[in-house]
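One structure below.
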Amino acid sequence: MNRTARRRRPLTRVTAAATAGHAFFELAAGVGMPLASLLGPFTAATAWAIGTATAWRAGGTRPSQDDPAFAVLNSVSLAAVIAHLTGWPRRRTRLGLPWLTDCEGLGPRLMPYYNPILYVSGTAAVAALLLENDSAPRRLPLLTPALVPLLVAAQRAEHRRLKAIAAARPGWWNRRLVEPDISLDTAADQRRVAPNG
């Protein structure tokens with residue numbers, strides 16, 4: 001194999017796009033996104049957009065000698081999916097697959113949309129690890145199981161920080177994390193005082 005010839009990595013590119021889709025879905029739904037508690041929503045979104053565009057472009061143009069970097073990207077993306085599916089409330093589907101019932105404050109109503117995004121990302125990452133990263137060390141994907149507990153802890157810590165920020169500074173990007181005022185009698189009262197910004 002020519003290690004300097006350009007390679008196309010469609011599965012790695014799908015992994016990058018679906019991973020970003022998962023993060024931007026969270027932001028649009030009002031629960032923040034990874035890194036938003038540390039960088040703020042706009043800086044985090046910018047970092048995610050630039051990182052995804054870079055991974056997308058590189059995934060379609062970089063030579064085989066860069067396969068180890070893409071194997072790391074796919075392993076981390078897969079670990080993030082597994083961390084979600086093991087670290088948040090779930091049930092089993094008829095096929096025995098884990099299905100989130102809630103995650104990071106999104107609520108049950110958004111799970112029919114959120115779960116497929118996670119599964120596309122995870123499936124693409126597995127396929128990319130098996131089919132696209134030929135020149136990467138075969139042991140590199142073993143990074144995935146080691147990362148899962150670390151990512152579960154990181155997701156939970158980020159969620160706690162985002163909830164604290166929502167309580168202090170509610171806005172459009174963290175609106176689902178604002179605890180409803182239980183002194184209000186009805187859902188209509190709660191909607192009337194919900195943050196708009």
Side-chain angles (χ1 to χ4, degrees), residues 1-28 32-39 42-88 90 93 95-100 103-104 113-159:
M1 171 193 318
N2 182 353
R3 291 178 47 85
T4 59
R6 277 189 181 180
R7 266 201 84 192
R8 301 231 184 277
R9 295 177 187 86
L11 297 167
T12 296
R13 294 171 100 185
V14 169
T15 300
T19 301
H22 142 235
F24 280 99
F25 182 91
E26 290 175 358
L27 180 63
M33 72 185 318
L35 302 177
S37 72
L38 302 173
L39 304 176
F42 298 108
T43 305
T46 301
W48 271 96
I50 290 170
T52 302
T54 301
W56 179 270
R57 186 172 188 282
T61 60
R62 300 299 304 160
S64 295
Q65 67 192 25
D66 292 336
D67 280 352
F70 294 107
V72 169
L73 173 86
N74 289 313
S75 295
V76 171
S77 294
L78 178 58
V81 170
I82 295 169
H84 278 79
L85 294 173
T86 60
W88 296 94
R90 65 199 169 278
T93 66
L95 298 174
L97 298 173
W99 187 264
L100 295 175
C103 187
E104 300 179 79
Y113 309 105
Y114 190 69
N115 278 290
I117 294 170
L118 292 176
Y119 273 101
V120 166
S121 176
T123 302
V126 167
L129 286 167
L130 294 172
L131 302 172
E132 289 183 348
N133 305 132
D134 299 335
S135 68
R138 284 290 161 212
R139 289 171 290 169
L140 204 49
L142 295 176
L143 172 70
T144 301
L147 285 175
V148 170
L150 298 173
L151 290 175
V152 169
Q155 290 168 5
R156 292 194 176 279
E158 175 80 357
H159 184 63

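This chain uses plain numbering: 1 for the first residue, then up along the sequence. Note that this is a predicted model, so its numbers are computed, not measured.
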| message | Once side-chain contact (heavy atoms from CB on, under 4.5 Å) is applied, do any residues pair with Pro137, and if so which ones, sequence neighbours excluded? | response | Pro68, Leu140
| said: Are Pro10 and Glu132 packed together at the side-chain level, in the sense that at least one heavy-atom pair is separated by less than 4.5 angstrom? | reply: yes
| request: Write down the atom of Pro34, the atom of Ala44, and the distance for their closest heavy-atom approach. | output: O-CB, 3.9 Å
| Ser121 side-chain N/O to Ile117 backbone N/O, donor-acceptor pair under 3.5 Å | no
| task | Apply side chain to side chain donor-acceptor pair (under 3.5 Å) to Trp88 and list each qualifying residue two or more places apart in sequence or on a separate chain. | result | Gln155
| request: Please report the shortest heavy-atom distance between Ala127 and Leu11, naming the atom on each side. | output: CB-CD1, 3.6 Å
| query | Going by heavy atoms in the side chains, are Phe70 and Ser64 under 4.5 Å from each other? | reply | no
| Verdict with reasoning, Asn133 to Thr12, per side-chain contact (heavy atoms from CB on, under 4.5 Å) | CA-CA 9 Å; Asn133 305 132; Thr12 296; 4.2 Å; yes
| field | Partner set under ring-ring contact (aromatic ring centres under 6.0 Å, His included) for Tyr114, not counting sequence neighbours | value | His22, Phe25
| query | Between Thr15 and Leu73, is any pair of side-chain heavy atoms under 4.5 Å apart? | reply | no
| field | With Ser37 via side chain to side chain donor-acceptor pair (under 3.5 Å) - residues at least two apart | value | Glu158, Arg161
| task | Might you point out which heavy atoms bring Leu151 and Ala80 nearest each other, and give the distance in Å? | result | CD1-N, 3.5 Å
| Sequence-distant partners of Arg13, side-chain contact (heavy atoms from CB on, under 4.5 Å), two or more places apart | Trp56
Atom pairs and distances, side-chain donor-acceptor, residues 142-150, under 3.5 Å, sequence neighbours left out:
unit_1: Thr144; atom_1: OG1; unit_2: Ser75; atom_2: O; d: 3.3
unit_1: Thr144; atom_1: OG1; unit_2: Pro141; atom_2: O; d: 3.1

| Closest heavy-atom contact between Arg8 and Gly60? | NH1-O, 3.1 Å
| field | Arg57 atom CZ, neighbour heavy-atom count above 12 within 6.0 Å | value | no
| note | dist Thr43:OG1 -> Leu35:CG (nearest 0.5 Å) comes out at 10.5 Å
| Looking at residues at least two apart in the chain, or sitting in another chain, which of them share a side-chain contact (heavy atoms from CB on, under 4.5 Å) with Phe24? | Ala20, Leu27, Met33, Ala45, Trp48, Ala49
| message | Nearest 0.5 angstrom please: Thr19 OG1 to Leu78 CG, how far? | response | 9.5 Å
| note | Distance col, row Leu130:CG vs Arg138:CZ, nearest 0.5 angstrom, shows 7.5 Å
| request: Measure the CD1-CG distance between Ile82 and Leu118 for me, rounded to the nearest 0.5 Å. | output: 11.5 Å
| query | Nearest heavy-atom pair of Arg9 and Ala58: which atoms, and what distance? | reply | NH1-O, 3.7 Å
